[in-house]
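Note that the structure is predicted; figures quoted are calculated from it, not measured.
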Amino acid sequence: MRRRRGGGGRTMVERASKFVLVVAGSACFMLILYQYAGPGLSLGAPGGRAPPDDLDLFPTPDPHYERKYYFPVRELERELRFDMKGDDVIVFLHIQKTGGTTFGRHLVQNVRLEVPCDCRPGQKKCTCYRPNRRETWLFSRFSTGWSCGLHADWTELTSCVPGVLDRRDPAALRTPRKFYYITLLRDPVSRYLSEWRHVQRGATWKTSLHMCDGRTPTPEELPPCYEGTDWSGCALQEFMDCPYNLANNRQVRMLADLSLVGCYNLSFIPEGQRAQLLLDSAKKNLRGMAFFGLTEFQRKTQYLFERTFSLKFIRPFMQYNSTRAGGVEVDEATIRRIEELNDLDMQLYDYARDLFQQRYQYKRQLERRQQRLRSREERLLARAKELPPPPPPRAEPEEPGRAPTEDYMSHILEKW
């Protein structure tokens with residue numbers, strides 16, 4: 001009988017221990033799930049809570065970062081007076097496979113606005129009106145659609161956007177608009193692999209106009225890389241072998257002024273000169289843009305956008321390191337081949353990343369200096385309030401027997 005009672009006691013203890021382990025394991029699992037999945041679940045939800053304004057979500061600048069290019073202060077300062085109630089317009093140049101779809105949704109769903117964009121379920125576009133009138137302040141895929149053509153480049157947008165907005169909002173013709181161009185860039189190898197995977201699944205972008213100097217390219221100037229409706233199922237080697245593949249150096253071509261090199265006419269100027277002109281033009285236009293971000297640095301991209309336009313996002317950007325391109329396993333020889341095919345993009349990205357990092361460091365250091373000055377002023381003000389008031393100044397006593405100046409001589413005579 002004692003053995004049975006003892007065995008039953010041990011069984012109860014074992015059950016209690018298992019119960020505690022299950023509860024503890026469930027609590028740890030829910031905590032991990034909340035940390036990793038919780039922030040992402042609220043993205044795009046209208047009821048999502050915004051982080052406190054005093055919570056610094058942004059990384060500190062890398063103290064070991066070494067600058068490669070020299071940029072004057074005027075190239076680093078990006079604090080614009082964007083007037084949403086006036087006639088200013090943000091124009092988003094969306095380069096394929098750079099994370100532009102996610103960023104475009106941030107612009108219409110995640111910016112804290114006086115009049116939020118109206119995004120209705122089932123509709124691809126949102127209505128983004130100014131607070132004071134029914135006129136758009138944002139030109140992008142999710143606000144105005146592909147009004148200048150599918151994935152229009154810098155050459156197309158700069159010649160097309162003013163006319164499109166004039167037709168949409170004729171009342172605004174009284175005052176000229178001010179356009180603020182923005183874009184995103186991505187590591188060229190990752191972007192190239194991502195585009196290959198996208199094309200492999202059936203994407204073509206064959207409805208893009210490629211307008212330049214008032215016309216579209218001829219079939220001889222821009223031959224197709226495939227026969228049929230799409231290029232689905234193509235191997236990576238086949239993708240790289242096509243000499244007319246627009247995926248090669250796409251970011252440079254999307255940002256350069258193509259009219260400088262005869263658009264898509266490859267015989268207009270020699271190949272080496274054409275490449276250098278395109279690269280120089282892309283760098284110039286990138287520097288002149290109001291803002292550009294990098295896909296690999298989501299939080300820094302958010303920080304610079306907020307400081308550039310004095311706008312705040314409701315929820316912080318998330319850095320997703322697992323992408324379709326990241327799941328592609330390629331050998332070193334293939335990577336070198338992709339870098340050769342995208343040599344101009346490699347040079348542009350190296351340049352853009354350096355400019356991006358310097359802008360971030362400059363802005364962070366400036367903000368910290370201003371914060372230190374504000375803290376110092378607050379401390380001095382607090383000390384001044386704690387000190388007792390100074391005593392009133394005492395009047396100096398007059399010397400005895402001293403006469404006014406006008407009676408000085410009579411005073412001397414009386415003594416004599």
Requested in this report: Identify, with sequence neighbours excluded, every residue that meets side chain to side chain contact (heavy atoms under 4.5 Å, CB included) alongside Arg369.
Outcome: Leu366, Arg372
Query raised in the report: Between Asp118 and Arg120, is the closest basic N to carboxylate O distance under 4.0 Å?
Result: yes
Query raised in the report: Does Glu377 pair with Arg374 as a salt bridge, N-O distance under 4.0 Å?
Result: no
Report task. Sequence neighbours left out, what passes salt bridge (charged side-chain N to carboxylate O under 4.0 Å, His left out) with Glu238? Give chain and number order. Result -> none
Query raised in the report: Excluding sequence neighbours, so at least two apart, what forms salt bridge (charged side-chain N to carboxylate O under 4.0 Å, His left out) with Arg78?
Result: none
Query raised in the report: Going through the checks in order, is the side chain to side chain donor-acceptor pair (under 3.5 Å) test met by Gln365 and Gln361?
Result: CA-CA 6 Å; Gln365 292 171 0; Gln361 287 188 338; 4.9 Å; no
Report summary line: Here the pair of heavy atoms bringing Val115 nearest to Pro131 is CG2-CA, 3.6 Å
Report task. Please lay out, stage by stage, how Tyr349 and Glu296 fare under the test side chain to side chain donor-acceptor pair (under 3.5 Å). Result -> CA-CA 11 Å; Tyr349 186 78; Glu296 290 76 16; 2.7 Å; yes
Query raised in the report: Is the closest side-chain heavy-atom distance between Leu107 and Ile182 below 4.5 Å?
Result: yes
Query - Side-chain touch Val91/Tyr180, heavy atoms, less than 4.5 angstrom - result: no
Report task. Sort and list the pairs that fulfil ring pair (Phe, Tyr, Trp, His ring centres under 6.0 Å) and have at least one residue in residues 251-277, not counting sequence neighbours. Result -> His210-Tyr264
Requested in this report: Scan for ring pair (Phe, Tyr, Trp, His ring centres under 6.0 Å) pairs involving residues 118-145, sequence neighbours excluded, and state none if there are none.
Outcome: none
Query raised in the report: Where the side chain of Trp205 meets the backbone of Val199, is there a donor-acceptor pair that is under 3.5 Å apart?
Result: no
**Report entry** Between Thr101 and Arg141, a side-chain donor and acceptor under 3.5 Å
**Finding:** yes
**Report entry** Between Tyr351 and Arg287, a side-chain donor and acceptor under 3.5 Å
**Finding:** yes
Report task. Not counting sequence neighbours, which residues clear disulfide (SG to SG under 2.5 Å) with Cys263? List them please. Result -> Cys212
